[in-house]
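We use all heavy atoms of the structure for the numbers below, so side chains are in, but hydrogens, waters and symmetry mates are not. Remember, predicted model here, so these are calculated numbers, not experimental data.
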Amino acid sequence: MALLTSVRRGRGDRLVAAVTAALTDRGVACTLLPARDRAEAEAQAGEAVAAGAAAVAALGGDGCAHAALQAVAGTPAALAVLPAGSGNDLAAALGMPADPVAAARAAAGDLLEGRRRILDAGRTGDRWWATVLCCGFDSAVTDRANRLRWPRGPRRYDVALLAELARLRPRAVGLNVDGDARELAVTLVAVANTPRYGGGLRIAPAADPADGLLDVVVVGPVGRRELLRTRPRLVAGTHVDHPAVTVLRGREVTLQGAGLVTYADGEPVAALPAVSVCIPGALTVIGTAR
C-alpha cells in the first residue's frame with residue numbers, strides 16, 4: 001500500500017508513524033509518499049499505482065484524497081481515506097472511522113481479506129472528483145477557506161463564509177442536465193456524488209455514490225440575511241425544502257457562466273464552461289463501514 005500524506009510536520013510526523021505502524025502490524029507493506037504540494041502528490045500516487053500498488057491511502061483532508069483519486073479512479077487500485085484534515089467530508093460520506101489510525105487498521109483488514117466497495121466518481125474534463133463540485137458562492141467560500149491560515153479545522157469555512165457575504169450577488173449560469181437546458185440566476189450550484197461538503201454541510205442529502213447519477217442542487221437568488229438563516233438547514237439537509245432551492249438529477253451536467261470556477265473535493269477543478277459526468281463504478285474503496 002502507498003501512503004500519501006499531506007499532514008504537517010510535528011504532530012503530523014507522529015501521526016504518520018502511528019498510521020504506518022498500524023498498517024505494518026496488520027501485515028501490510030507501506031511505502032510513504034510525503035508530497036509537498038498537489039502536483040507532487042498526484043505524480044507520486046500515479047507512479048505508485050503504475051508500479052503495481054494495490055491501494056493508495058490518503059492521510060489528510062479531502063484535498064489529499066482528491067490527489068490520490070487522480071491515480072486510482074478508473075483502475076483496479078483502491079482508495080483508503082484516513083481522515084486528518086479540516087473537513088473530512090469524503091471520509092464521513094464513506095463511513096470511515098473518524099480516527100485515522102483506526103481507519104488504517106480497517107483499510108488493512110479489507111485489503112488483506114479482499115473486501116472492496118465499488119462506487120461512482122465524478123469527472124470534469126480530465127479531473128476526477130468524489131464528493132461535490134460547486135460553482136458560485138460556495139466555490140468562492142472554498143477558495144477563501146483554502147487561503148486562510150487561521151483558524152484551523154471546519155471553522156475556516158465559517159470565517160470564509162462571513163467574508164464572502166459582503167460580495168454576495170446572483171450569477172447568471174447556463175445549466176444543462178441530461179439535455180434539459182436552463183438559463184438561471186443563481187447563488188450557487190452544487191453537483192453532488194456524495195451528500196456533504198464544506199466541513200459537514202449536507203448540500204445534497206439524498207446523493208448516493210452508487211446510483212450512477214449526480215444530484216444537482218440549485219440555490220436561486222437569496223439575500224445575505226436569508227442565506228445566514230438557511231445555514232443551519234444546510235447542516236441538517238433540510239434546505240432542499242426552501243422555495244429558492246431546486247434539486248435535479250442526471251448523469252451529465254454542463255455549466256456555463258462568465259468568470260466562474262468550479263471546485264470539487266475542496267480543490268479547483270475547471271473554469272466554466274465545464275461538463276461533469278458521473279462514471280459508474282470508477283472508484284474502489286477499502287476500510288469503509290458496512
side-chain contact (heavy atoms from CB on, under 4.5 Å) between Val235 and Leu201, intermediate numbers included: CA-CA 4 Å; Val235 177; Leu201 302 180; 3.7 Å; yes

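- Under a 3.5 Å cut-off, the side chain of Thr187 and the backbone N or O of Gly220 do form a donor-acceptor pair.
- Looking at Val132 and Val191, their side chains never come closer than 4.5 Å, going by heavy atoms from C-beta outward.
- Residues Leu133 and Ile203 fall into different hydrophobic clusters, defined by Ile, Leu, Val, Met, Phe, Trp and Tyr side chains chained together at heavy-atom separations under 4.5 Å.
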Please list every donor-acceptor pair under 3.5 Å in which a side-chain atom of residues 173-180 meets a protein atom from a residue at least two apart or in another chain.
{"residue": "Asn176", "atom": "OD1", "partner": "Gly179", "partner atom": "N", "Å": "2.8"}
{"residue": "Asp178", "atom": "OD1", "partner": "Arg251", "partner atom": "N", "Å": "3.1"}
{"residue": "Asp178", "atom": "OD1", "partner": "Glu252", "partner atom": "N", "Å": "2.8"}
{"residue": "Asp178", "atom": "OD2", "partner": "Arg251", "partner atom": "N", "Å": "2.9"}
{"residue": "Asp180", "atom": "OD2", "partner": "Arg182", "partner atom": "NE", "Å": "3.4"}
{"residue": "Asp180", "atom": "OD2", "partner": "Arg182", "partner atom": "NH2", "Å": "3.0"}

Candidate pair Leu15 and Leu59, rule side-chain contact (heavy atoms from CB on, under 4.5 Å), full reasoning: CA-CA 9 Å; Leu15 183 56; Leu59 176 60; 4.1 Å; yes

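- Side-chain contact between Leu33 and Thr5 is absent, with no heavy-atom pair separated by less than 4.5 Å.
- The cluster map of Ile, Leu, Val, Met, Phe, Trp and Tyr, joined by side-chain heavy atoms under 4.5 Å apart, puts Val222 and Val218 in different clusters.
- With a 4.5 Å cut-off on side-chain heavy atoms, Cys135 and Leu255 count as touching.
- Distance alone, capped at 3.5 Å, places no donor-acceptor pair between the Asp110 side chain and the Ala107 backbone.
- Atom CD of residue Glu47 and atom CD of residue Glu42 lie 12.0 Å apart, to the nearest 0.5 angstrom.
- Between the Asp89 side chain and the Gly198 main chain, a donor and an acceptor come within less than 3.5 Å of each other.
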Verdict with reasoning, Leu214 to Cys278, per side-chain contact (heavy atoms from CB on, under 4.5 Å): CA-CA 6 Å; Leu214 300 168; Cys278 179; 3.6 Å; yes

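- A donor-acceptor distance shorter than 3.5 angstrom exists from the side chain of Arg233 to the backbone of Thr238, with no hydrogens or angles considered.
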Evaluation steps, salt bridge (Lys or Arg N to Asp or Glu O under 4.0 Å), between Asp25 and Arg105: CA-CA 9 Å; Asp25 287 349; Arg105 294 193 186 103; over 6 Å; no

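- Using a 4.5 Å heavy-atom threshold, the side chains of His239 and Pro205 count as touching.
- Here the side chain of Asn88 pairs no donor or acceptor atom with the backbone of Ala91 at under 3.5 angstrom.
- Screening Thr124, Asp265, Asp62 against Trp129 for a side chain to side chain donor-acceptor pair (under 3.5 Å) leaves a single residue, Thr124.
- Proximity of a side-chain donor or acceptor of Asp215 to a complementary backbone N or O of Ala192 within less than 3.5 Å is not detected.
- Val216 and Val277 fall into different hydrophobic clusters, where Ile, Leu, Val, Met, Phe, Trp and Tyr side chains are chained together by heavy-atom contacts under 4.5 Å.
- Here the CG atom belonging to Leu213 is positioned 12.0 Å from the CG atom belonging to Leu248, to the nearest 0.5 angstrom.
- Contact record, Glu267 with Gly63: OE2-CA, 3.5 Å, taken as the closest heavy-atom pair.
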Intermediate values then yes/no, side-chain contact (heavy atoms from CB on, under 4.5 Å), Ile286 and Met1: CA-CA 12 Å; Ile286 54 175; Met1 177 184 289; 4.0 Å; yes

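- A 4.5 Å side-chain heavy-atom check between Glu226 and His242 finds at least one atom pair inside the cut-off.
- Under the side-chain contact (heavy atoms from CB on, under 4.5 Å) criterion, Val247 pairs with Val217, Val240, Val245, not counting sequence neighbours.
- Note that the CH2 atom of Trp128 and the CZ atom of Arg123 stand 5.0 Å from one another [nearest 0.5 Å].
- Nearest heavy atom pair, residue Ala67 against residue Ala41, reads CB-CB, 3.8 Å.
- Closest of all the heavy-atom pairs between Leu4 and Ala35 is CD1-CB, 4.1 Å.
- Taking CG of Leu260 as the reference point, atom SG of Cys134 lies at 11.0 Å (rounded to 0.5 Å).
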Evaluation steps, side chain to side chain donor-acceptor pair (under 3.5 Å), between Arg38 and His66: CA-CA 9 Å; Arg38 170 173 148 169; His66 180 82; 4.5 Å; no

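- Looking at Arg171, its side chain does come within 3.5 Å of a backbone N or O of Ala258 through a donor-acceptor pair.
- By the criterion of side-chain heavy atoms lying less than 4.5 angstrom apart, applied directly or through intervening Ile, Leu, Val, Met, Phe, Trp or Tyr residues, Val269 is grouped together with Val186 in one hydrophobic cluster.
- Leu32 is connected to Val28 through a chain of hydrophobic side-chain contacts under 4.5 Å among Ile, Leu, Val, Met, Phe, Trp and Tyr, so both are in one cluster.
- Two residues are said to be in side-chain contact when any heavy atoms from C-beta on lie closer than 4.5 Å; Leu3 and Val19 meet this criterion.
- When all heavy atoms of Ala58 and Ala68 are compared, the pair lying nearest together is CB-CB, 4.1 Å.
- When all heavy atoms are compared, the tightest approach of Gly87 to Arg196 is O-NH2, 3.3 Å.
- Between the side chain of Thr194 and the backbone N or O of Ala93, no donor-acceptor pair lies under 3.5 Å.
- Between Val285 and Arg117, the closest side-chain pair of non-hydrogen atoms falls below 4.5 Å.
- Within the model, atoms CG of Asp126 and CD of Gln70 stand 8.0 Å from one another, a figure rounded to the nearest 0.5 Å.
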Atom pairs and distances, side-chain donor-acceptor, residues 94-102, under 3.5 Å, sequence neighbours left out:
{"residue": "Asp99", "atom": "OD2", "partner": "Val101", "partner atom": "N", "Å": "3.3"}
{"residue": "Asp99", "atom": "OD2", "partner": "Ala102", "partner atom": "N", "Å": "2.9"}

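- Rounded to the nearest 0.5 Å, atoms CZ (Arg116) and CG (Leu79) are 12.0 Å apart.
- A donor-acceptor distance shorter than 3.5 angstrom exists from the side chain of Asp120 to the backbone of Gly212, with no hydrogens or angles considered.
- When all heavy atoms are compared, the tightest approach of Pro170 to Pro221 is CG-CB, 3.9 Å.
- Side-chain contact between Thr284 and Val72: absent, with no pair of heavy atoms (C-beta onward) separated by less than 4.5 Å.
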